[in-house]
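Read through the structure below, which is laid out as structure tokens, and then see the notes.
Residue numbers count from 1 along this sequence. Whatever order the structure lists them in is the order used to number ligands and atoms, beginning at 1.
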Amino acid sequence: MEKLISRRYKERPMPEGYIFPPDVRPGKLTVVPLCNNTIPVIDLGLDGEGAAQACDIVDQILEASQEFGFFQVIKHGISENLLKETVGLLKELFQELPDEDIASLYSDDPNKSCRLFTSTSGENFDAEPVHFWRDSLKHPCHPLSEECYQLWPKKPTRYRDVVGECSTQVRELAWKILELMSQGLGLGPGLGPGYFRGEVSQEMLLSANYYPPCPEPSLTLGLPKHGDPNLLTILLQGDDHVSGLQVLKDGEWISVVPFPHALVVNVGYQLQVISNGKLKSSEHRVVTNSSAARISAGFFVMPSHDCLIEPAATLINASNPQLYKGFPYKDFFLNFGKTLGKTEQVLDRFKLQG
Ligand code: OGA
Ligand code: NI
């Protein structure tokens, strides 16, 4: 528990082991363009005002998922209050819980389903070539059985109620977005259970991140360059004034500047495979800053371990040959852990030779 960066960030000089090799350091962050409008912000029209037209939304989502693999959604139907309360409770958890409560959540054992840890996983902290400037709380958040709730933090006292409600609503939103994507890809008319319902989106994991202020943001990273291993991620950024998430686009890192009441959506590797490469799982990273702590909550929609992942048959034809072979999700997942930092290798073993 003493390894948590939230307990060490005030140490001077900066604690050892957090300086990244020069070629992957963020460097002078002022040169990274703060492009407010670069990642598309899409109005889903789900707040009762009936704004945008459905077919227009499908086009926007598909375009953003092809070009950036990332977009933000507004008027997504989840109340601002619920999102604020969720962030408030996470802030309380990371910043204010008494030592004994932190100790009861902390674990270096990656097999524990609800745990607080630091950097990659806490497990091999001393053997890590470099540590990430973040602490993380992870636990399953769907299906929400009583058993699942019992694993969750008991404190703050409203955590289970509020985060439970937020997870339920995020899950509904994820299904709506997946439904729009399946329409856009031509995988179904939007009736019935939809292409992405079922085993392929059966589970959801909450990964809440805490990035304390850092004395040397140009030398370290909160999270290194990576793509998400799951199907689809919905990310809540904790504070409208603190950015940190960056997406690699055409060789340049661009900031995903928080947009008021928005949620960030990104395509995971499984969606890239199922769409036969049409949708893009973009590489992204998290940079730190010296003045403010940052919180984010990622909701990872993912397949069951035994779910067979393969390109959708209707997307394969003479001009679009099949790019990936089919595999059970667990094969991907087990391999993913070994490719940390080597994003170009993640999908290699599943590619079909052209
Ligand atoms: C992740 C991630 C981004 C963030 O957890 O996979 O990319 O802003 N998080 O914390
Ligand atoms: Ni990610």
Side-chain angles (χ1 to χ4, degrees), residues 5-6 24 26 29 32 34 38-39 65 68-73 83 86-87 90-91 93-94 110 115-122 131-141 167 170 174 203-214 217 220-249 253-259 262-272 279-289 292-302 332-333 336-337 339-343 346-347:
I5 194 65
S6 48
V24 287
L29 288 166
V32 175
L34 283 175
T38 313
I39 301 296
S65 307
F68 294 92
F70 265 81
F71 53 93
Q72 305 203 52
V73 289
L83 297 179
T86 301
V87 170
L90 289 172
K91 203 172 266 183
L93 185 142
F94 283 115
R115 68 189 188 107
L116 175 67
F117 59 92
T118 192
S119 189
T120 321
S121 81
H131 310 308
F132 314 152
W133 194 269
R134 70 123 188 206
D135 293 338
S136 179
L137 173 76
K138 270 198 176 62
H139 60 67
C141 59
S167 304
V170 167
E203 309 205 354
M204 194 164 85
L205 186 78
L206 171 62
S207 168
N209 298 300
Y210 183 68
Y211 308 97
C214 171
T220 193
L221 286 167
L223 277 181
K225 179 172 89 168
H226 70 281
D228 288 353
N230 49 310
L231 185 72
L232 187 83
T233 305
I234 300 199
L235 183 97
L236 169 59
Q237 302 207 73
D239 187 319
D240 289 350
H241 307 288
V242 190
S243 51
L245 175 60
Q246 299 182 330
V247 179
L248 192 59
K249 168 92 167 74
W253 288 104
I254 53 177
S255 285
V256 182
V257 178
F259 195 91
L263 290 162
V264 179
V265 181
N266 67 285
V267 172
Y269 282 118
Q270 307 318 307
L271 204 44
Q272 176 168 326
L279 308 187
K280 196 166 91 174
S281 167
S282 285
E283 290 165 353
H284 51 286
R285 69 179 186 184
V286 175
V287 298
T288 61
N289 76 82
R294 177 169 178 271
I295 282 186
S296 69
F299 294 86
F300 291 79
V301 178
M302 53 193 205
F332 175 92
F333 198 76
F336 183 74
T339 59
L340 189 73
K342 298 173 224 144
T343 47
V346 173
L347 281 172

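When heavy-atom distances to ligand 1 are checked against 4.0 Å, the residues falling inside are Asn209, Tyr211, Leu223, His226, Asp228, Leu235, Leu245, His284, Val286, Arg294, Ser296, Phe300, ordered by chain and number.
For Asp228, the N, O or S atom with the smallest separation from the Ni ion (ligand 2) is OD1.
The only option from Val265, Leu245, Ile254, Val267 that meets the side chain to side chain contact (heavy atoms under 4.5 Å, CB included) definition with Phe70 turns out to be Leu245. Screening Leu235, Leu206, Asp228 for a side chain to side chain contact (heavy atoms under 4.5 Å, CB included) with Phe300, the sole residue that qualifies is Asp228.
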Before giving the answer on side-chain contact (heavy atoms from CB on, under 4.5 Å), spell out for Arg134 and Leu221 the whole-Å C-alpha distance, their side-chain angles and the decisive distance to 0.1 Å.
CA-CA 9 Å; Arg134 70 123 188 206; Leu221 286 167; over 6 Å; no
Please assess Thr343 against Glu283 for the test side-chain hydrogen bond (donor to acceptor under 3.5 Å, both in side chains), listing each intermediate value before the final yes or no.
CA-CA 8 Å; Thr343 47; Glu283 290 165 353; 2.8 Å; yes
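For the pair Lys280 and Phe68, the cation-pi criterion (under 6.0 Å, within 45° of the ring axis) is not fulfilled.
Heavy-atom neighbours of Phe336 CZ from other residues, nucleotides or ligands within 6.0 Å: above the threshold of 12.
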